[in-house]
Number of protein chains: 2
Amino acid sequence: MKKVLNLIAGLLVLYIPVTGQTLLSTDGNLSMTFSLTDNGTPRYSLDYKSKPAVRPSSLGFKLKKGGDLKDGFEIVSVDTASVDTTWRPVWGEEAEIRDNHREMLVNLRQKSTNRLMSVRFRLFDDGLGFRYEFPMQKKLSYFVITDELTEFAMAGDHEAYWIPADYDTQEYEYTRSRLSDIASLADSVTGPTYIWVDRPSDKAVQTSLQMKTDDGLYINIHEAALVDYPCMHLELDDTNLVFKSLLTPDPAGDMAYMQTDCVTPWRTVIVSDDARDILASRITLNLNEPCKIEDTSWIKTCKYIGIWWEMINRKSKWSYTNDLPNIHLDKVDYNKVNPHGQHGATTDKVKRYIDFAAEHGFDGVLVEGWNTGWEDWSNKMKDEVFDFVTPYPDFNLPEIRDYAKSKGVKMIMHHETSSSVRNYERRMDEAYKFMKDNGYDAVKSGYVGKIIPAGSNHFSQWLVNHYLYAVKKAADYKIMVNAHEAVRPTGLCRTWPNLIGNESARGSEYQAFGGSKPSHTTILPFTRLIGGPMDYTPGLFENNISKYNPKNKSWVNTTLTNQLSLYVTMSSPLQMAADLPETYEQFMDAFQFIKDVALDWDKSYYLEAEPMEYLTVARKAKGEDKWFVGGTNGAERRVSDVSFGFLPAGKYKATIYRDGKDAHYRTNPQSYIIEEKIVTPKSRIKIPEAPGGGYAISIVPAK
Amino acid sequence: MKKVLNLIAGLLVLYIPVTGQTLLSTDGNLSMTFSLTDNGTPRYSLDYKSKPAVRPSSLGFKLKKGGDLKDGFEIVSVDTASVDTTWRPVWGEEAEIRDNHREMLVNLRQKSTNRLMSVRFRLFDDGLGFRYEFPMQKKLSYFVITDELTEFAMAGDHEAYWIPADYDTQEYEYTRSRLSDIASLADSVTGPTYIWVDRPSDKAVQTSLQMKTDDGLYINIHEAALVDYPCMHLELDDTNLVFKSLLTPDPAGDMAYMQTDCVTPWRTVIVSDDARDILASRITLNLNEPCKIEDTSWIKTCKYIGIWWEMINRKSKWSYTNDLPNIHLDKVDYNKVNPHGQHGATTDKVKRYIDFAAEHGFDGVLVEGWNTGWEDWSNKMKDEVFDFVTPYPDFNLPEIRDYAKSKGVKMIMHHETSSSVRNYERRMDEAYKFMKDNGYDAVKSGYVGKIIPAGSNHFSQWLVNHYLYAVKKAADYKIMVNAHEAVRPTGLCRTWPNLIGNESARGSEYQAFGGSKPSHTTILPFTRLIGGPMDYTPGLFENNISKYNPKNKSWVNTTLTNQLSLYVTMSSPLQMAADLPETYEQFMDAFQFIKDVALDWDKSYYLEAEPMEYLTVARKAKGEDKWFVGGTNGAERRVSDVSFGFLPAGKYKATIYRDGKDAHYRTNPQSYIIEEKIVTPKSRIKIPEAPGGGYAISIVPAK
């Protein structure tokens, strides 16, 4: 990290002239303008190659007391700067990330109240970030935001790839529609049916929101560095096609408690006329603070298997017994009840998983349902729902711990909180210490269910604060965190790289809950992944879930090689092979790709991309002469056209895992072909992709 | 504690016959009846010497789901028992407490739903306790109470001594009125004007509620063992004179989250035709669980002084500087700001207090405002408001620690949380550890301001859980807790005797905020103290607050010897001498009583009592041949008539501190007489008490 910090410290700051309040990106493609209206309302706009990306849009806030911060402003000063530096993430899609932007800090004063507010704009070649800053001042010390008025005025009735706004979950199918059709389609959206779903409006959507204009611009709106502030949704005025920030409220209906000096998260607009640039954008990471962990040597990428999919598909259970009407953790004696015999996390099975992991070179084994309390954990508003330290009688933790160690495999802890966040915080130190005492370095945490205390939402300021608290405290213990159902990521993994994963979208588990659209993974990289990696849990080789549980008629809506492609197209330092070992044993030739694929990269190449249709990505493994290509296709059959210009000079052996001729996610998903070819930087190969299909290529120097 | 536990284990359980569902107290004075109405609604009533104390009153609950638990019940069985045992509290008004009651457990089944609910009644000679119990059952596992329907139907338009219901504060003046006048008087109540006041209804009052009937019955309603349940208020149907339980809601408007098996707190009705029996009642303690702390040797009574009154009266300040618009604890450097010079908790002053404490035999010194953050701690909804471990630059903690130790004086910690309870819980382990590392054994905690997270109330289930969590965790560290602004006590100090104090009422601080009624301390023992001791902070010798701060025109509405009486009439294991050392130095003859008075008792004798008018109490110091008498008077001049029959045979020297002839709380409060008399068990002395006056007597064997 020292190196990164030195780079930051040494960044080149140039004061450059601006024409009025206009800022140009270094490549000249993007132009942003700040202005005040006649009544002193701050506005900004953004053009890309002279086309409007964001029409003039208002900035400001409604406050609970002291008058709103939305008009009556004058400009005190405008400071500009230019930054061009690089930094090295601990892990990620590139070994080195360039931060090249021009900055404009507009310092405003509200004349009637003398309150100061600034807006800091950073214009990159691939988009804009801006945030509000409130200097410490007597006139504005503590304040409560009741509404953020930030607008994103669209220049047309764009196509949007959206999921509905929800204060508690992101686990929706994406809908592609015109902006003007969002409201009418809101009711037809497929999403979770859990009781904690909380959708505020039929006209509001979540970020990151991907759009495409009729004249071929790709526009993406999200936020970066969401710290101590509520998560933002976007509410559409569908007459004027203007989005407005819609924050997640607290139980009192207020949004954010602020104390100057302070800043909001960055609001980001990525723009290009090439969809691939959206995927290549590093704006979200660049707008986050540098790494705050001094020694990051303990942060490792992790390829893992786990006792999880068999509970998701209902082959086995998290729970241990059916004997008891309910569980009081402090009173129950599991040694005195009858096990129901379907418990997944048994010592013997875990040891078989450890064996499989060791044999095939996996780093870790996740086990869910290892700890007491799973008989009645969900939706009970139960405060003391788990203690995070007590195993079931048939999970012999010391034996498993020692066995895993002897095999060189890391056990991955699981902390389902059932959203009882106070209970988790109270027990967190003990739980983390228990992990370290037993050799666990990483935890998958979960926030299923309504937040306790009642009335709070998953994405409110209060909870946003909690998730980061859990990550920071984990860092104190040198523990890596993969938080599910937590707020969607906004690039915080730059600052806290022990946050190695999040769910925060509809993961592959839904393939056992009725299935997801074949196009689902062609939109996630444009949306969910803009904020950070996802623990999507790919690798589902068995499509017919009823083979695991005859009562479960769900179907995995992808081909087998589509699943392989996801290890490349959905980059993550944490990747699961989600299916069961006995399934993989039937497809060891295809499984080889999962064994081979890297998790960390020197460089990534975005070869083909169209939201919700397809994407093809090549990546060079970090520090190795190995390349991997993933082509993920949507619902329509197509042919991918791959140029290997990303390779250095030389001859390489490419092993291609692709859809069989008649492959189809629904009718013939396990049809695949594995072929080897010699490729050079000049090679160009056309690879057919089935509906719901895709392919993967591993490339090594030819001997 | 072993001894207590053995006593409990060995209690005599007799199954006694009952006539129908009627239970008689062992002395035959109280009779309670349980019945079901035609539609299966459970009801109870209570008579005292054949007079109705509680007319037939309904029992039950409204639930969020699954149908209410209020009617359609049938009786499954009725179990009765009789208990007569004694137990020894760690500290208190008596060395040995008798628990003599008859019990009736009515097991009910709701016919339409097959759900089971029981009501356990315990009838003592001085009143009734009952609670609801829900056995573990498949038909009723988790449930949410939206309303408790427990009624207390009064038999007449009694006089009541009441403060209005409030979900966040109890710091009101008491009003004496007919029940039917409560609503019309609600607006004229004097109470705190803080922004967190939250009064739900003009017809609702707080418990403990004291009443007096026209035919001379004293009736007191409260609750015991408030654990993991919201605090109860009482809402009056003033047409029918029926009180109904009014619980404190959570932010979602629900009341209590329950998981069977579980119980509610006890609802208590103390009844007598002698007001002194209300004060002598041990029902609240008897209905709590035995002590759960194995080794209680570290729990000590504590007489203390402190740097507190001078901030309350605004002579000095908790804060250190006026330089900063606000404080970010993680950024501020107090060494770089200008002190405003009015900071109270300076090293030199603390050392003078330690000297004074040591010289006059006090156990401890409390210091408020010792830690950083007081510049903007209140009503800011500020999450990280205090860290509980960082002293101001002018409070040299190691020097003070070592000086106190050298003088044999204990420092008392202060943890104001500003009601940011998550922040307190997150830092609690570190804060308690910091205390132990620096020799602090007791903490005064505070919950001023709106609860954070917003939308929660001080007396909701969520917060009730927090206060006990803080006490239990303190016990782990062998720390004693004196919690201010927490929920009112309900006898939990029996179970957790490290809870040595609470505020939970209008304390003597209000004498610097405009004053309290002269009768205030004649009603507190009938109301607030029913649940446990109060850190009332008596000992105010200087009535004219403007002597401390010319801008503060408040007046202490008592005579000086009234203040002395409170050390006896308001028994507490923790007693402050609240005024400034320099004030005490002017009245060293009277101050001698505060130095002498005991804090823990073998036996208490309630000699005279009338709510809101007067009370006279004698107590024998635990393990010593010393007796102390306190006579606290209300607003009207009277003569106390004290018989010394509580003394054993022999001659004793009584030092009497009483009002001077012309003493008056308003015009001549510092007029007092100190006289010595020889008394025997046959002595009877008439002692005049001034308006707002009172007296104190210390008694030792005559040499």
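Every value quoted in this text rests on a predicted model; they were computed, and no experiment measured them. FYI, side chains are in, hydrogens and waters are out, and symmetry mates aren't considered; it's all heavy atoms of this structure. Residue numbers start from 1 in every chain, and the chains themselves are labelled A, B, ... in the order their sequence lines are given, proteins ahead of strands.
- To the nearest 0.5 Å, atoms CD (B:Gln259) and CE (A:Met381) are separated by 13.5 Å.
- Using a 4.5 Å cut-off between heavy atoms, A:Ser460 does not touch chain B at all.
- Looking at B:Asp429, neither its backbone nor its side chain comes within 4.5 Å of chain A, counting heavy atoms on both sides.
- Within the 4.5 angstrom heavy-atom criterion, no atom of B:Gln461 approaches chain A.
- A pairwise comparison of heavy atoms in B:Tyr142 and A:Ile327 identifies OH-O, 4.0 Å as the closest pair.
- Of the two parts of B:Asp383, only the side chain, counted from C-beta on, holds a non-hydrogen atom closer than 4.5 Å to a non-hydrogen atom of chain A.
- For chain B, the option among A:Met136, A:His328, A:Lys138 with the highest count of heavy-atom pairs below 4.5 Å is A:His328.
- At a 4.5 Å heavy-atom cutoff, the contact between B:Asn326 and chain A is made by backbone and side-chain atoms alike.
- A 6.0 Å sphere centred on NZ of B:Lys473 holds more than 12 heavy atoms belonging to other residues, nucleotides or ligands.
- Shortest non-hydrogen contact noted between B:Gly455 and A:Ala252 is N-CB, 4.3 Å.
- Between chain B and the residues A:Cys262, A:Pro453, A:Gly253, the largest count of heavy-atom pairs under 4.5 Å involves A:Pro453.
- Counted within 6.0 Å of NZ on B:Lys450, heavy atoms from surrounding residues, nucleotides or ligands total 12 or fewer; the atom is thus considered open.
- Counting heavy-atom neighbours within 6.0 Å of B:Lys433 NZ, excluding the residue itself, gives a total of 12 or less.
- Of the two parts of A:Asp254, neither the backbone nor the side chain holds a non-hydrogen atom closer than 4.5 Å to a non-hydrogen atom of chain B.
- If you tally non-hydrogen atom pairs under 4.5 Å between each of A:Val144, A:Ile452, A:Val421, A:Asp376 and chain B, the highest count goes to A:Asp376.
- Among A:Leu140, A:Asp250, A:Thr260, the residue making the largest number of heavy-atom pairs under 4.5 Å with chain B is A:Thr260.
- For B:Lys331, the part lying under 4.5 angstrom from a heavy atom of chain A is the side chain only.
- Residues B:Pro251 and A:Pro251 approach most closely at CB-CB, 3.6 Å, considering heavy atoms.
- Of the two parts of A:Lys139, neither the backbone nor the side chain holds a non-hydrogen atom closer than 4.5 Å to a non-hydrogen atom of chain B.
- With rounding to the nearest 0.5 angstrom, the CZ atom of A:Arg422 is 8.0 Å from the NE2 atom of B:His466.
- Neither the backbone nor the side chain of B:Asp228 comes within less than 4.5 Å of any heavy atom of chain A.
- Each of A:Arg426, A:Met428, A:Lys380 has some count of heavy-atom pairs under 4.5 Å with chain B, and the biggest count is that of A:Arg426.
- Contact of B:Ser456 with chain A is not made at all, since no heavy-atom distance falls under 4.5 Å.
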